[in-house]
Amino acid sequence: MAGMARPDTDSARSVTDPYTLHNDVSLAVHNTLRVRARARQLAELKDASRLPELLDKLDAPPLVLGQGSNVLFTGDVAGAILVMGTRGVQVEETGDGACVTVAAGESWDGFVRWSLAQGFAGLENLTLIPGTVGAAPIQNIGAYGVEIAEFVERVEVWDVRERRAMILDKAACAFSYRDSLFKREPDRYIVIAVRFLLPRVQPLRLEYAGVRQELARMNVAEPTPRSVAEAVRALRRRKLPDPAVIGNAGSFFKNPLVPAAQAAELKRAYPDMMQWPAPDEQVKLSAGWLIEACGFKGMREGDAGISERHALVLVNYGHASGEQLWALAKSVIHGVQSRFDVTLEPEPRIIS
Ligand code: FAD
Ligand code: EPU
């Protein structure tokens, strides 16, 4: 995997600073919505063993960032930002797969591509999700019918409150749809590394709408994990705007979960409304459908907009401030609430 080396063989690392620390730093390159906020302090950690020392040098407990692909800064940050820039992977073979421990700062998609090249299976539906490995457990990233919770064995963290390193097993992480312990206790845990259990053989997951059709279009008769990844990449490139071209944070809203009775009532009133069964007698609605039905898709206020390609994606056409983007998001929430009596929640972390 590009950029990924085992810590004990990474000779370049020994000549690199274990961390850097700067004052009054622009966050424009640290968030994919391209908001031009600033932070009073910004540290980047390269060597995880020096984290406690670095934390002591910061004015306040930091806000941790990976690649900033799921955050919205609504103003400047008065405190410190800690960017996880650690690298490394360790592989322990088991009989039919491996335990793979990956440093928080590694690229998520780099790791997925590396795992497929090594002959592991399971992560193929999760290809092309931006961000770092350390951020992946925060919202239990998911796509095309798979969530990382299935493959996480444990998460190595620094507990900021207790000032000690800890290992949280999967149950302790309390993963659910776009949620986890980490999301519920923001700023308490700094993810240092994630340990995955990766199988060599795993049934393919082709049920998500569009995957089989994409494989057929590619003339793939006998799909493999690598061809499924290719199909998912093609689907994602078609559906979602590229943050390198236009600022965005992927889905800006979570798909809402509502009680089954409310879903049934909505279905009677709107027979073409998208709905999927969810745990605990709830039903998942399509936030994209709800937003499009309210007429917000493709709308624009100054440089803040709702993507023409996908109604769930808030976009920055250039110079929108975090406040302007958040104001537009709130008008979408209000519109959906008034029309459908359904409350949309933002997916990214709103940092004010
Ligand atoms: P950041 O945005 O830097 O941080 C996100 C949150 O995690 C913040 O609360 C931050 O404080 C916290 N955090 C980050 N690193 C750490 C750490 N080491 N320790 C503790 N806390 C930490 N998400 C999906 O689930 N599925 C998708 O299909 C998907 N598609 C996307 C498509 C696009 C085009 C974009 C821009 C985003 C998409 N996302 C998707 C959202 C995003 O990719 C994920 O949430 C990703 O995990 C964020 O990684 P990051 O490193 O950029 O995290
Ligand atoms: N839809 C619309 N209008 C739109 C977009 C979607 O009506 O503009 C409806 C369509 O009916 C479509 C359905 O919504 O069939 C589902 O759309 P899509 O497959 O794009 O999935 P999604 O529910 O909108 C979720 C995740 C994505 C993830 C995809 C694929 C959330 C909040 N979003 O989107 O994750 O990539 O499924 O699994 O769960 C992210 O979290 O940032 C993200 C991009």
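Keep in mind that the numbers below use all heavy atoms, side chains included, and drop hydrogens, waters and symmetry copies. Counting starts at 1 for both ligands and their atoms, in listed order. Positions are given from 1 along the sequence.
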(request) Flag the pair Leu27 / Val35 as yes when at least one side-chain heavy-atom distance between them is below 4.5 Å, and no otherwise. (result) no
(message) I'd like to know whether ligand 1 has Lys183 as a neighbour, heavy-atom separation below 4.0 Å.
(response) no
(message) Any nitrogen or oxygen of Val191 lying under 3.5 Å from a nitrogen or oxygen in ligand 1? Just yes or no.
(response) yes
(request) Answer yes when Glu214 and Arg236 have at least one side-chain N-carboxylate O distance shorter than 4.0 Å, and no when they do not. (result) no
(request) Distance to 0.1 Å, residue and atom name: give those for the protein heavy atom nearest to atom 30 (N) of ligand 1. (result) Arg236 NH2, 2.8 Å
(message) Tell me the nearest of Phe296, Phe252, Tyr208 to atom 29 (C) of ligand 2, using heavy-atom distances.
(response) Tyr208
(request) Have a look at Ile129, Leu72, Leu45 and point out the one with the heavy atom closest to atom 40 (C) of ligand 1. (result) Ile129
(message) Can you tell whether the side chains of Glu230 and Arg233 come within less than 4.0 Å, N to carboxylate O?
(response) no
(request) Give a yes-or-no answer on whether the side chains of Lys284 and Tyr177 include a donor-acceptor pair shorter than 3.5 Å. (result) no
(request) Kindly indicate whether the side chain of Val232, heavy atoms from C-beta on, has any atom under 4.5 Å from the side chain of Leu128. (result) no
(request) Write out the residue and atom name of the closest protein heavy atom to atom 34 (C) of ligand 1, then the distance separating them to 0.1 Å. (result) Asn248 OD1, 3.5 Å
(request) Flag the pair Arg163 and Asp56 as a salt bridge only when some basic side-chain nitrogen lies within less than 4.0 angstrom of an acidic carboxylate oxygen. (result) yes
(message) With a 6.0 Å cut-off (strictly less than), is the heavy-atom count around CD of Glu150, excluding the residue itself, greater than 12?
(response) yes
(message) If the threshold is 4.0 Å, N to carboxylate O, is there a salt bridge linking Asp24 and Arg38?
(response) yes
(request) Please write down residue, atom name and distance for the protein heavy atom closest to atom 43 (C) of ligand 2. (result) Ser251 OG, 3.1 Å
(message) Below 4.0 Å, non-hydrogen atoms only: which portion of Asn255 touches ligand 2? Side chain, backbone, both or neither.
(response) both
(request) Ignoring angles and geometry beyond distance, decide whether Val64 reaches within less than 3.5 Å of ligand 1 through its nitrogen or oxygen atoms. (result) yes
(request) Go through ligand 2 atom by atom and flag the ones less than 4.0 Å from a non-hydrogen atom of Gly250. (result) 42 (O)
(message) If the test is side chain to side chain donor-acceptor pair (under 3.5 Å), which one of Glu147, Glu345, Glu347 qualifies with Arg178?
(response) Glu347
(message) Closer than 4.0 angstrom, basic N to acidic O: yes or no for Asp187 and Arg349?
(response) yes
(message) I need the nearest protein heavy-atom contact for atom 26 (N) of ligand 1: residue, atom name and distance, please.
(response) Gly142 O, 2.8 Å
(request) For ligand 2, note which part of Lys254 has a heavy atom under 4.0 Å away: side chain, backbone, both or neither. (result) backbone
(message) Counting only heavy atoms not in Glu308 (residues, nucleotides, ligands), do more than 12 fall under 6.0 Å from its CD?
(response) no
(request) For residues Val112 and Glu124, determine if any side-chain heavy atom of one lies less than 4.5 Å from a side-chain heavy atom of the other. (result) no
(request) Give the residue and atom name of whichever protein heavy atom lies nearest to atom 17 (O) of ligand 2, and the separation in Å to one decimal. (result) His310 NE2, 4.1 Å
(message) Starting from atom 36 (C) of ligand 1, what is the nearest protein heavy atom, named by residue and atom, and what distance separates them?
(response) Gly250 N, 3.3 Å
(message) Measuring from atom 28 (C) of ligand 2, which candidate in Arg309, Lys239, Gln139, Arg178 has the nearest non-hydrogen atom?
(response) Arg178
(message) Measuring from atom 4 (O) of ligand 1, which candidate in Leu240, Val71, Val232, Ile192 has the nearest non-hydrogen atom?
(response) Val71
(message) Contact between ligand 2 and Tyr177 is defined here as a heavy atom of the residue under 4.0 Å from a ligand atom; is it met?
(response) yes
(message) Among all protein heavy atoms in this structure, tell me which lies nearest to atom 20 (C) of ligand 1, with the distance rounded to 0.1 Å.
(response) Tyr189 O, 3.3 Å
(request) Identify the protein heavy atom lying closest to atom 6 (C) of ligand 1, giving its residue, its atom name and the separation to 0.1 Å. (result) Ile138 CG2, 4.2 Å
(request) Provide, to 0.1 Å, the distance between atom 43 (O) of ligand 1 and the closest protein heavy atom, together with that atom's residue and name. (result) Pro130 O, 2.8 Å
(request) Could you tell me whether Asn140 and ligand 1 have an N or O pair separated by under 3.5 Å? (result) no
(request) Count the heavy atoms of every other residue, nucleotide or ligand shown that sit under 6.0 Å from CD of Glu281, and state whether that count exceeds 12. (result) no
(request) Tell me which protein heavy atom sits closest to atom 38 (O) of ligand 2, plus the residue, atom name and distance to 0.1 Å. (result) Tyr144 N, 2.7 Å
(message) Would His30 count as a contact residue for ligand 1, given that I'm defining contact as a non-hydrogen atom of the residue lying under 4.0 Å from a ligand atom?
(response) no
(message) Salt bridge or not between Asp17 and Lys46? Use side-chain N to carboxylate O under 4.0 Å.
(response) no
(message) Could you identify the single nearest non-hydrogen protein atom to atom 4 (C) of ligand 2 and state the distance to 0.1 Å?
(response) Glu292 OE1, 3.5 Å
(message) Which heavy atom of Gly97 sits nearest to which heavy atom of Phe120, and what is that distance?
(response) C-CE2, 4.1 Å
(message) For atom 9 (C) of ligand 2, tell me which residue out of Ala143, Ser286, Gly288 has the closest non-hydrogen atom.
(response) Ser286
(request) Give yes if a backbone or side-chain nitrogen or oxygen of Ala104 is under 3.5 Å from a nitrogen or oxygen of ligand 1, and no if not. (result) no
(message) Between Thr127 and Asp109, do the side chains contain a donor N or O and an acceptor N or O under 3.5 Å apart?
(response) yes
(request) Give the residue, atom name and distance (to 0.1 Å) of the protein heavy atom nearest atom 7 (O) of ligand 2. (result) Trp289 CA, 3.3 Å
(request) Ignoring angles and geometry beyond distance, decide whether Lys297 reaches within less than 3.5 Å of ligand 2 through its nitrogen or oxygen atoms. (result) yes
(request) Measure from atom 11 (O) of ligand 2 to every heavy atom in Glu347, Glu345, Met274 and give the option owning the shortest one. (result) Met274
(message) Within the 4.0 Å heavy-atom shell around Arg236, which atoms of ligand 2 are there?
(response) 36 (O)
(message) Side chain, backbone, both or neither: which applies to Phe253 and ligand 2 if a contact is any heavy-atom pair less than 4.0 Å apart?
(response) backbone
(request) For atom 53 (O) of ligand 1, find the nearest protein heavy atom and state the residue, atom name and distance (0.1 Å precision). (result) Ala135 CB, 3.2 Å
(request) Looking only at distances, please establish whether an N/O atom of ligand 1 is found under 3.5 Å from an N/O atom of Met84. (result) no
